[in-house]
Each structure stands twice: as C-alpha cells, then as structure tokens.
Amino acid sequence: FSIIFLFLLSPLLILFIFFIYLEDGFPIFFSEESSGWDGRRFNLFKLRVYKKNSLNKKPLNDEKEFLRTGKIIKKLRIDEFPQFFNVLKGDMSIVGPRALIIKDDLTYGKVFKMFLKRNKAAPGITGWAQVSGFRGSNPTSASMKKRMEHDIWYMNNWSIWLDLYIILKTFYIIFTKPIK
C-alpha cells in the first residue's frame, strides 16, 4: 500500500517540494524523534511547513511562522505524505496508534497507567483514535486519555477489515471535513 500511495502522491509531493525550496530553501523535510514499536526511537518525516528560522522556536503555532506554501500544505493535509517512507523503512504502519514525539510519550506514560501499551504495535499514519475524532497537535489530558482508550481498543480488536475501514474512513474525513 505504501508504494502505491507514494506512486499516486508523487506528483503532488514533488510539486510541494519544489514550492518549499523556492520559498525558503533547504531543508524540505522536517523530522521529529518519535516512539515506535516497543518504544524504539525513529525519525518521523513530514514536509516542512514552517520557516526554517522558526524551527527552533517552541511552540510553533504562530501564523507568522508558516510558509505561504506551508499553509496550503496544512490545509490540504499533505504534510504527512513523507511518512509513507517511514512505512517503507519499517518504522511505521499505515494504520496503528498514532506516533507521538518522545517527550509526549514519556509525559503521558507517567499520567496514564496503560498509555505505553500503545507502543506494543507499530505506529500508524492514521488510526482508530484519529478517525474517531481524537486528533490534533495540542492535546489535553482528557483527549489523550480518549486517544489511548481508542488505540488500545484497536489493538485488542485488530483485523484486516478494521484496517481497511479505517483507511476508507480516513479518505472520507480528508475529503469532507475542513481543517480547524
């Protein structure tokens, strides 16, 4: 599936790589150290949507920090396309509990007893929690608890049919739900 998605998405990916380069030069990609299966660390790839001089600032949520191209990339939800390379490398799966940066994994692992159980599966580009409405980059403790519960439910009820349903529901959400 990953090769098929990369093949289908490659014209769009190449186009936005070109636009990022024209607007702000290298690097084109952004990576964050994330937790994978059994807590193994890996670099999660994304298209860079922020100006390179703002990459070291925290938090990155100021509208002025976005590239003009980055705003379009976020609106079209294509910043995560490079994660299909993570799938090819074996760091991720297409469907699974959503990968979190190491800091968030450690923080919520201390707050919720079952949280790190999510690391007993390959992290996914999409997952049951995300298609059930529990997504976003600024989570609350309550929303992270819901994500954890949905991820654990997914792991306990995994089937190829559930994965296909999640993939189809992901496409439905991408094409019908506006980004907030």
Side-chain angles (χ1 to χ4, degrees), residues 1-17 29-47 73-102 104-109 111-137 139-140 142-180:
F1 278 129
S2 187
I3 291 171
I4 292 168
F5 283 130
L6 280 170
F7 178 74
L8 294 173
L9 301 172
S10 63
L12 202 55
L13 191 58
I14 291 168
L15 180 70
F16 280 101
I17 286 171
F29 299 101
F30 171 75
S31 70
E32 296 178 300
E33 192 174 47
S34 298
S35 294
W37 190 299
D38 281 339
R40 290 185 207 126
R41 294 175 181 208
F42 71 97
N43 286 321
L44 181 110
F45 301 116
K46 293 183 177 187
L47 283 174
I73 289 169
K74 274 296 211 190
K75 186 171 180 73
L76 296 175
R77 298 180 173 146
I78 60 174
D79 57 319
E80 297 188 0
F81 283 2
Q83 289 175 26
F84 286 107
F85 290 111
N86 286 112
V87 173
L88 284 177
K89 284 178 55 186
D91 294 330
M92 294 179 71
S93 178
I94 291 176
V95 179
R98 194 73 182 103
L100 296 175
I101 60 172
I102 298 290
D104 288 348
D105 220 28
L106 295 174
T107 299
Y108 291 110
V111 174
F112 303 114
K113 182 179 176 183
M114 300 292 290
F115 192 81
L116 294 179
K117 184 176 180 185
R118 300 169 67 259
N119 292 341
K120 293 296 179 188
I125 295 173
T126 187
W128 183 241
Q130 285 68 41
V131 299
S132 298
F134 301 104
R135 59 182 300 275
S137 57
T140 63
S143 68
M144 285 308 285
K145 183 175 188 221
K146 287 291 193 185
R147 277 191 203 182
M148 174 193 68
E149 291 167 352
H150 279 74
D151 288 338
I152 292 171
W153 181 90
Y154 164 80
M155 293 166 61
N156 290 334
N157 293 282
W158 179 88
S159 74
I160 191 71
W161 303 111
L162 180 58
D163 277 2
L164 290 173
Y165 174 76
I166 292 170
I167 290 169
L168 291 173
K169 192 166 181 184
T170 299
F171 282 117
Y172 173 78
I173 290 168
I174 286 172
F175 294 116
T176 62
K177 306 280 185 202
I179 289 243
K180 297 175 183 172

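Side chains are part of it too, since the values below use all heavy atoms of this structure and drop only hydrogens, waters and symmetry mates. Please read all numbers here as calculations on a predicted model, not as lab measurements.
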Aromatic rings F171 and F175: how do their planes relate, parallel, tilted or perpendicular, breaks at 30° and 60°?
parallel

S35 OG to L116 CG distance, which is reported to the nearest 0.5 Å:
8.0 Å

Minimum heavy-atom separation for A122 to M92, with atom names?
CB-C, 4.4 Å

What residues, two or more places apart in sequence or in another chain, satisfy ring-ring contact (aromatic ring centres under 6.0 Å, His included) together with F42?
none

For P97 and R118, the nearest pair of non-hydrogen atoms, with its separation, is CG-O, 3.7 Å

Would a 4.5 Å heavy-atom cut-off, applied to side chains only, mark M144 and L100 as touching?
yes

When rounded to the nearest 0.5 angstrom, what distance separates CZ in F16 from CG in D79?
11.0 Å

For the residue pair F30 and L47, establish whether any side-chain heavy-atom pair is separated by less than 4.5 Å.
no

Distance-minimising heavy-atom pair for A129 and D151:
CB-OD1, 3.6 Å

Do side-chain atoms of R77 reach the backbone of I174 as a donor and acceptor pair under 3.5 angstrom?
yes

Going from CZ on F81 to CG on L9, what distance comes out if it is rounded to the nearest 0.5 angstrom?
4.0 Å

Decide yes or no on side-chain contact (heavy atoms from CB on, under 4.5 Å) for F1 and V87, but give the supporting numbers first.
CA-CA 9 Å; F1 278 129; V87 173; over 6 Å; no

So for atom NZ, which belongs to K145, do other residues, nucleotides or ligands contribute more than 12 heavy atoms lying within a distance under 6.0 Å?
no

Walk me through it: do L6 and L88 pass the test side-chain contact (heavy atoms from CB on, under 4.5 Å)?
CA-CA 10 Å; L6 280 170; L88 284 177; 3.4 Å; yes

Going from CG on L13 to CD1 on I73, what distance comes out if it is rounded to the nearest 0.5 angstrom?
9.0 Å

Please determine whether side-chain contact (heavy atoms from CB on, under 4.5 Å) holds for the pair I101 and L44, giving the CA-CA distance in whole Å, both sets of side-chain angles, and the decisive distance to 0.1 Å.
CA-CA 9 Å; I101 60 172; L44 181 110; over 6 Å; no

Using ring-ring contact (aromatic ring centres under 6.0 Å, His included) as the criterion, point out the one residue from W153, Y154, F134 that pairs with W128.
W153

Side chains of I102 and R41, heavy atoms from C-beta outward: is any pair under 4.5 Å?
yes

Taking side chain as C-beta onward, heavy atoms only, is K120 less than 4.5 Å from M155?
yes

How would you list, by chain and number, every residue that makes a ring-ring contact (aromatic ring centres under 6.0 Å, His included) with F45, sequence neighbours excluded?
none

CD1 of I3: more than 12 outside heavy atoms within 6.0 angstrom?
no

Which distance, rounded to the nearest 0.5 Å, do you find between the CD1 of I17 and the OG of S10?
9.5 Å

Check: I173 and T126 side chains under 4.5 Å, non-hydrogen atoms:
no

Assign the ring pair Y108 / F112 to parallel, tilted or perpendicular, where the plane angle (0 to 90°) is split at 30° and 60°.
parallel

Is any side-chain heavy atom of R147 closer than 4.5 Å to a side-chain heavy atom of H150?
no

Smallest separation among heavy atoms of P82 and K46, with atom names:
CG-C, 3.9 Å

Counting distance only, does the side-chain N/O of N86 pair as donor-acceptor with the main-chain N or O of N43 below 3.5 Å?
yes

I94 side, atom CD1; Q83 side, atom CD - distance, nearest 0.5 Å
11.5 Å

Audit row: N119, W37, side-chain contact (heavy atoms from CB on, under 4.5 Å) steps and yes/no:
CA-CA 5 Å; N119 292 341; W37 190 299; over 6 Å; no

